[in-house]
Amino acid sequence: MNGMSPIVQTVARFVKVFILLYGIYLTLTGHLTPGGGFAGGVVIASLYILLTLAYGKKFSLKYFPRKLAGSLDSVGALIFLVVAVLGFYFGGIFFANFLQKNYPGAEFSLLSAGTIPINNIAICIKVASSLFLVFIIMAVARIIDKKDGSKDYKQDQEKE
Amino acid sequence: MIFPLCFALFVVGLYCALTKRNVIKIVIGLAIMEYAVNLFLVLLGYKKGITLADAQAPIIEPVTNLDDFFMKAVDPLPQALVLTSIVIGLGVTALAIAICIRLYQRYGTFDISEMRRLKG
Amino acid sequence: MGIELIMIIILIFILLGAIIAVEIKDLLSAVISIGVVGFGISIAFLFLQAPDLAIVQIAVETVLLVLLIRATIRRDIKSTHSHINWAGLICVVVLCLGLIGFGYFALQELEFGKPAITRLEEAPSNHYLKQGLTQTGSANIVTSVILDYRAYDTLGEASVLFTAIIGALAILRGIARKKKGGK
């Protein structure tokens, strides 16, 4: 994948900030408005996919390498589990919302609902990195048509 | 009439998964079945009012009258379960597409009867 | 215009898209027709008062279309028509028609627009709707259900997604090792 025409690249350069902001907004206000970690994560993953399609695989892998994506995938799941275990420690129940019980915030404000925003951020990280990972691994395998009509399967050079 | 139409969508997906030879077509059939089940679950939780505005999404705003909200809000539980189901469906479909690409690289075709011939 | 009429129009639209996606020969056209189904479902979610699901469905459908087009483009998409297995085809058609008949008679009793929360006072959803804001502090009841009341469900979802992604990675990386070793 070598990127697309300059028109696509220019449009992608303009819209990438707005897509990222929309994803972050959906994630952070997931407990107040429609949205949440799943929606924000998928939107951010689609931003990565747009950049990969527009600028090519090398550009995307330079700023977000595959090992980092794999690590972030695990980090999201781990944050989720750590919050659950902390709920067990402080609240007595696995997944107890101990922050809301001890330090309740004002309703309808950004810093309310205890552990729910933390869980939203964890799920956003997890979904975004894992979807980007599955897209980039599919973009690596490619087919090259030989002159005699047969097909050759080649793996791109991996930079890790 | 609505639930049978939703069920018909499921049967279309089942027909596609059972009869088509192309692997991508089978994945498409599985995706259609998944969509039908998700839509069916959300349809089960809808609470109908007199007009279209009498049903309300289960989201409280600062201006919302709470008693009014309990009367009008639709069931949040199917929505919550379907929300996770959609993302799982994407992951499983991505796994199926990966298997398709692998099969194409191994056999050079998407046709499953062709694959069986090449294997045996 | 009532909700039933809107839903029937959207469902017929979705059914047409699904039938085209199933029956068309060209694979790229089939993949684009599956987009009709997904975006139609998203509009249906919007009318059924599920804005969370509509947002997620639109984003997921876009990613799924990109993945499917990635899988089908520049591949050998002409399928050979050697012979059709008529006996199997007739069996499947009879099975599907029987299923449609069964569904028509079985689901007629189900009344649209009357969920369990209106019939049962002690249904868990009633508890979530009434106590959700005070107990969890989250104004979005769907988020409070998936991340507080039923967070085990989300934990299971996270592990299923993790397993699926690891499976895809393992399947596609296996070729790389094999090719590098020299065949």
Side-chain angles (χ1 to χ4, degrees), chain B residues 1-9 11-12 14-16 18-19 21-22 24-25 28 31-32 35 39 42-48 52 55-60 70 73-77 79-80 82-84 86-88 90-95 97-102 104-105 109 111 114, chain C residues 3-4 7-8 11 14-15 18-19 21-22 27 30 34 37 41 44-45 48-53 56-57 60 64 67 71-72 75 79 89 92 96 99-100 103-104 107 110 112-113 115 117-118 125 128-130 133 139-142 145-146 153-154 157 160-161 164-165 167-168 171-172 175:
Chain B
M1 188 62 192
I2 296 173
F3 290 117
L5 273 178
C6 194
F7 191 75
L9 185 65
V11 175
V12 169
L14 184 66
Y15 169 80
C16 181
L18 284 181
T19 58
R21 297 246 184 92
N22 200 316
I24 294 287
K25 278 283 176 72
I28 285 175
I32 291 175
Y35 288 151
L39 185 59
V42 178
L43 279 171
L44 277 181
Y46 186 75
K47 187 191 276 181
K48 199 174 78 175
L52 205 60
Q56 203 172 11
I59 293 163
I60 304 174
F70 300 141
V74 301
D75 199 346
L77 194 51
Q79 294 191 12
V82 167
L83 188 63
T84 56
I86 290 174
V87 181
I88 288 178
L90 179 59
V92 171
T93 313
L95 177 62
I97 293 170
I99 293 175
C100 292
I101 292 177
R102 177 81 175 83
Y104 190 85
Q105 289 177 341
T109 176
D111 199 329
E114 196 82 4
Chain C
I3 183 75
E4 282 100 349
M7 286 314 297
I8 286 174
L11 270 169
I14 292 171
L15 263 178
I19 291 172
V22 169
L27 267 188
I34 196 83
V37 181
I41 296 263
F45 284 157
L48 290 170
Q49 301 296 329
D52 303 85
L53 293 181
V56 175
Q57 177 72 40
V60 160
L64 181 64
L67 287 182
T72 55
R75 297 284 205 275
S79 57
L89 190 64
V92 169
C96 288
L99 268 179
I100 284 184
Y104 182 73
L107 295 175
L110 211 56
F112 177 67
I117 54 172
T118 59
S125 302
Y128 300 154
L129 281 174
K130 281 178 184 150
L133 184 58
N140 189 345
I141 306 293
V142 177
V145 171
I146 60 171
D153 184 43
T154 312
E157 181 274 342
V160 169
L161 189 64
I165 300 302
I171 285 169
L172 284 177
I175 342 163

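Proteins get letters first, then strands, A, B, ... in listed order; numbering begins at 1 in each.
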>> Given heavy-atom pairs under 4.5 angstrom as the criterion, report whether the side chain, backbone, both or neither of Tyr104(C) touches chain B.
In response: both
>> Give me the atom names and distance for the closest heavy-atom approach of Asp75(B) to Ser125(C).
In response: OD1-OG, 2.5 Å
> Ile100(C), Ile3(C), Leu64(C): which one forms the most heavy-atom pairs within less than 4.5 Å of chain B?
Replying inline: Ile3(C)
> Can you say whether Leu161(C) sits under 4.5 Å from chain B via the side chain, the backbone, both, or neither, judging by heavy atoms?
Replying inline: side chain
> Between Val87(B), Ile99(B), Val42(B), which shows the greatest number of heavy-atom pairs under 4.5 Å with chain C?
Replying inline: Val42(B)
>> Please classify the contact of Val160(C) with chain B as side chain, backbone, both or neither, using a heavy-atom distance under 4.5 Å.
In response: side chain
> Closest heavy-atom contact between Ala168(C) and Leu95(B)?
Replying inline: N-CD1, 3.4 Å
> Below 4.5 Å, heavy atoms only, C-beta onward: do Leu53(C) and Leu48(C) meet side chain to side chain?
Replying inline: no
> In terms of heavy-atom pairs under 4.5 Å with chain C, which of Ile2(B), Thr19(B), Ile86(B) leads?
Replying inline: Ile2(B)
> Which bit of Val92(C) comes within less than 4.5 Å of chain B, counting heavy atoms only: side chain, backbone, both or neither?
Replying inline: side chain
> Can you tell which of Val60(C), Leu67(C), Ile19(C) has the highest number of heavy-atom pairs within less than 4.5 Å of chain B?
Replying inline: Val60(C)
> What residue, out of Ile165(C), Val142(C), Ile146(C), has the most heavy-atom pairs lying under 4.5 Å from chain B?
Replying inline: Val142(C)
> Can you tell which of Cys16(B), Ala31(B), Ala94(B) has the highest number of heavy-atom pairs within less than 4.5 Å of chain C?
Replying inline: Cys16(B)
> Quick one: what part of Ala44(C) sits under 4.5 Å from any heavy atom of chain B, side chain, backbone, both or neither?
Replying inline: side chain
>> Testing the basics here: between Ala21(C) and Lys25(B), what is the closest heavy-atom pair and its distance to 0.1 Å?
In response: O-CE, 3.3 Å
> How close do Ala18(C) and Leu9(B) get, heavy atom to heavy atom, and via which atoms?
Replying inline: CB-CD1, 3.7 Å
>> What's the separation between atom CG in Leu15(C) and atom CD1 in Ile8(C), rounded to the nearest 0.5 Å?
In response: 11.5 Å
> Got Ile14(C) and Tyr35(B) here, is their nearest side-chain heavy-atom distance under 4.5 Å?
Replying inline: no
>> When you compare the side chain of Pro51(C) with that of Ile59(B), does any pair of heavy atoms fall below 4.5 Å?
In response: yes
> Which of the residues Leu39(B), Val92(B), Leu14(B) is involved in the greatest number of heavy-atom pairs with chain C at under 4.5 angstrom?
Replying inline: Leu39(B)
> In terms of heavy-atom pairs under 4.5 Å, which option from Thr93(B), Leu18(B), Leu44(B), Thr84(B) contacts chain C the most?
Replying inline: Thr84(B)
> What residue in Ala73(B), Ala80(B), Gly45(B) has the most heavy-atom pairs under 4.5 Å with chain C?
Replying inline: Ala80(B)
>> I need the minimum non-hydrogen distance between Phe70(B) and Leu129(C), along with the two atoms involved.
In response: CE2-O, 3.1 Å
